[in-house]
There are 2 protein chains.
Amino acid sequence: MTDNTKTLLYKKIIGLTEITQSGVDKLFAVACKRQIFKGEIILKQGQICRNIVFVEKGYLRTFIDKDGVDINTDFTFEDNFTTNLKSLRSSIPSDTTIQAGETATIYEFDKEELLNLYKVSPEIESFGRKLLEQLLITQEEHTNLFKLFTPTGRYHFLQTNKPQIIQRISLSQISSYLGVARETLSRIRKKG
Amino acid sequence: MTDNTKTLLYKKIIGLTEITQSGVDKLFAVACKRQIFKGEIILKQGQICRNIVFVEKGYLRTFIDKDGVDINTDFTFEDNFTTNLKSLRSSIPSDTTIQAGETATIYEFDKEELLNLYKVSPEIESFGRKLLEQLLITQEEHTNLFKLFTPTGRYHFLQTNKPQIIQRISLSQISSYLGVARETLSRIRKKG
DNA sequence: AACTACCTGAGACAAAAGTCACAAAATACG
DNA sequence: CGTATTTTGTGACTTTTGTCTCAGGTAGTT
């Protein structure tokens, strides 16, 4: 990875955990860097997920095929990690597909290699745990959106808390992420 | 804790991770057992959460106060763990209240003591990580309920996948957990 | 510039869910 | 056992959202 990316990632992670520069180095030593094009799929529904992915550039879209229609469950932007944990953990077929929303640069971390790293480096296992904590907190907040707010409130939440989604994802794609029809979201946007 | 509980917990955890009986012993050595009455609050919105809680008997209800109305975000039954991770992790005020739904027996694990255990026992840190994985997967499934299903579908999901909630929680309490009005859930139940 | 594919906005109508009010039923508790 | 309190069911009505359809817009490609 580039020194610049390393620095950015370091800043990102340092807020998350106490990992050292040498820890970041060890971590990325087992990573596989890859360029993917817009629309390219890195995990397909039905396949078994074998790695965790870090996004350096571009973004990934995670979705479930429900009766032939895509339902978006997540968007992963620069300096964030994603995977299908259920599949990764138990080696069962993934219920989601992960696809590049733009041409992207990613790093793939193989599960087995990560587990080996965990064994020899408490620092990296700690990092793994804290990453999970972060993901869980984000997921809880996302769930609460549906319990606390109406569709309008959910959209406003994204506007103030996840501006990247509003700015970079099309209205149609956002609608399933918020659990509403495309037309409803269009009306919400019209209102302001 | 009783030998019986220890055995049950062990069975529960063994499915989750490879923790040994000695690991379970080490873990519960730092736990504080407590009886709480129905309605008793163990974490109040605004307080800083300092521990993880394991439920041996009874159940806990986690909710957010929204304009004076309780919105239930979680129910924790026997042999499961709960906490407010956002508050626990960053020592910031909790946005949820955790309350006993029935008279309950719980074990409280102090955060600092757990972190110390993590340092000396890779087995327990591994357990902590796998517990987080489990919680994250459950949370993801819960979020997807709102994206994939209508209120009726969500209720049916609980019937087949979380029967404990249907059996032990009142309809009014379930309604906010599913993000619908009480009357709507009553009509769903009527339909079957 | 023309072609294509995709995305957005808008209207009309149907369906679903929310709200309010009150009665009936179940539960808790003295 | 009876009373008080909480919970649930129901109807009438309003508001919101979904669905279907089509027109116009935008972006990328050749």
Side-chain angles (χ1 to χ4, degrees), chain A residues 36-41 58-59 61 63 65-72 75 97 99-104 144-159 164-192, chain B residues 36-41 58-59 61 63 65-72 75 99-104 145-159 164-192:
Chain A
I36 50 177
F37 296 105
K38 179 174 177 172
E40 201 172 332
I41 287 170
Y59 75 86
R61 173 173 83 96
F63 63 92
D65 180 300
K66 156 115 178 155
D67 309 324
V69 182
D70 289 0
I71 306 291
N72 294 314
F75 300 103
T97 297
Q99 186 190 44
E102 303 170 349
T103 299
N144 289 343
L145 271 188
F146 294 93
K147 297 180 179 167
L148 295 171
F149 303 124
T150 61
T152 304
R154 303 207 279 273
Y155 183 73
H156 288 152
F157 181 89
L158 290 196
Q159 284 184 311
Q164 284 201 98
I165 292 185
I166 306 290
Q167 288 153 13
R168 296 174 67 180
I169 314 287
S170 76
L171 182 140
S172 312
Q173 299 291 326
I174 297 172
S175 66
S176 66
Y177 181 73
L178 289 182
V180 298
R182 180 182 63 77
E183 294 90 336
T184 302
L185 197 55
S186 179
R187 288 172 195 139
I188 289 169
R189 173 181 283 183
K190 190 183 166 191
K191 286 189 302 182
Chain B
I36 50 176
F37 296 105
K38 178 174 178 174
E40 200 173 331
I41 287 171
Y59 76 86
R61 173 172 83 96
F63 64 92
D65 179 301
K66 157 115 177 153
D67 309 324
V69 181
D70 289 0
I71 307 290
N72 295 315
F75 301 103
Q99 186 190 42
E102 302 171 350
T103 299
L145 269 188
F146 294 92
K147 297 180 179 169
L148 295 172
F149 303 124
T150 61
T152 304
R154 303 207 279 274
Y155 184 73
H156 289 332
F157 181 90
L158 288 196
Q159 284 184 312
Q164 285 202 97
I165 290 185
I166 305 290
Q167 287 154 11
R168 296 172 67 178
I169 313 287
S170 77
L171 181 142
S172 311
Q173 299 290 328
I174 296 173
S175 66
S176 66
Y177 181 74
L178 289 181
V180 297
R182 181 183 61 77
E183 294 91 335
T184 302
L185 197 55
S186 177
R187 285 168 193 140
I188 289 169
R189 173 181 283 181
K190 190 184 166 190
K191 284 189 302 183

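A, B, ... follow the sequence lines: proteins, then strands. Residue 1 opens every chain.
Taking only side-chain nitrogens and oxygens, B:Ser170 never comes nearer than 4.0 Å to OP1 or OP2 of D:dT6. Proximity of B:Thr184 to the phosphate of C:dG18: a side-chain N or O atom is located under 4.0 Å from OP1 or OP2. At D:dT6, none of the side-chain N or O atoms of B:Ser172 fall inside 4.0 Å of OP1 or OP2 (strictly under the cut-off).
Ranking D:dG9, C:dG18, C:dG11 by closeness to the B:Val180 side chain, first place goes to C:dG18. Taking every side-chain heavy atom of B:Glu183 into account, C:dC20 is the closest of D:dG9, C:dC20, C:dT8. Looking at the side chain of B:Pro151, the nearest of the listed nucleotides D:dT17, C:dA17, D:dT10 is C:dA17. Comparing D:dG18, C:dT19, C:dG9 against the side chain of A:Ala181 picks out D:dG18 as the nearest. The side chain of A:Ser186 lies closest to C:dG9, out of D:dT10, C:dG9, D:dT19.
Regarding B:Arg189, its CZ atom lies at a distance of 8 Å from the C1' atom of D:dT8, rounded to whole Å. The nearest whole Å value for the distance from the NZ atom in B:Lys191 to the C1' atom in D:dG9 is 15 Å. Between the CG atom of A:Leu185 and the C1' atom of D:dT16 there is a distance of 14 Å, given to the nearest Å. Nucleotide C:dG11 holds its C1' atom 13 Å from the CZ atom of A:Arg182, rounded to whole Å. If you measure from atom CG of B:Asp70 to atom C1' of D:dT7, you get 15 Å, rounded to the nearest angstrom. For the pair A:Phe149 CZ and C:dG18 C1', the interatomic distance rounds to 18 Å; values are reported in whole Å. The distance between atom CZ of B:Arg187 and atom P of C:dG18, rounded to the nearest whole Å, is 9 Å. Separating the NZ atom of A:Lys190 from the C1' atom of D:dT17 is a distance of 15 Å, rounded to the nearest angstrom.
The shortest non-hydrogen separation linking B:Ile174 to B:Ile166 is CD1-CA, 4.1 Å. What you find for A:Phe63 and A:Asp70 is that their closest heavy atoms are CE1-OD1, 3.4 Å.
With a 6.0 Å radius and a threshold of 12 heavy atoms from other residues, nucleotides or ligands, A:Lys66 has its NZ atom above the threshold.
Using modelled atom types, no side-chain atom of A:Thr152 and backbone atom of A:Ile188 make a donor-acceptor pair closer than 3.5 Å. Checked by atom type and distance alone, the side chain of B:Arg154 pairs as donor or acceptor with a backbone atom of B:Phe149 at under 3.5 Å.
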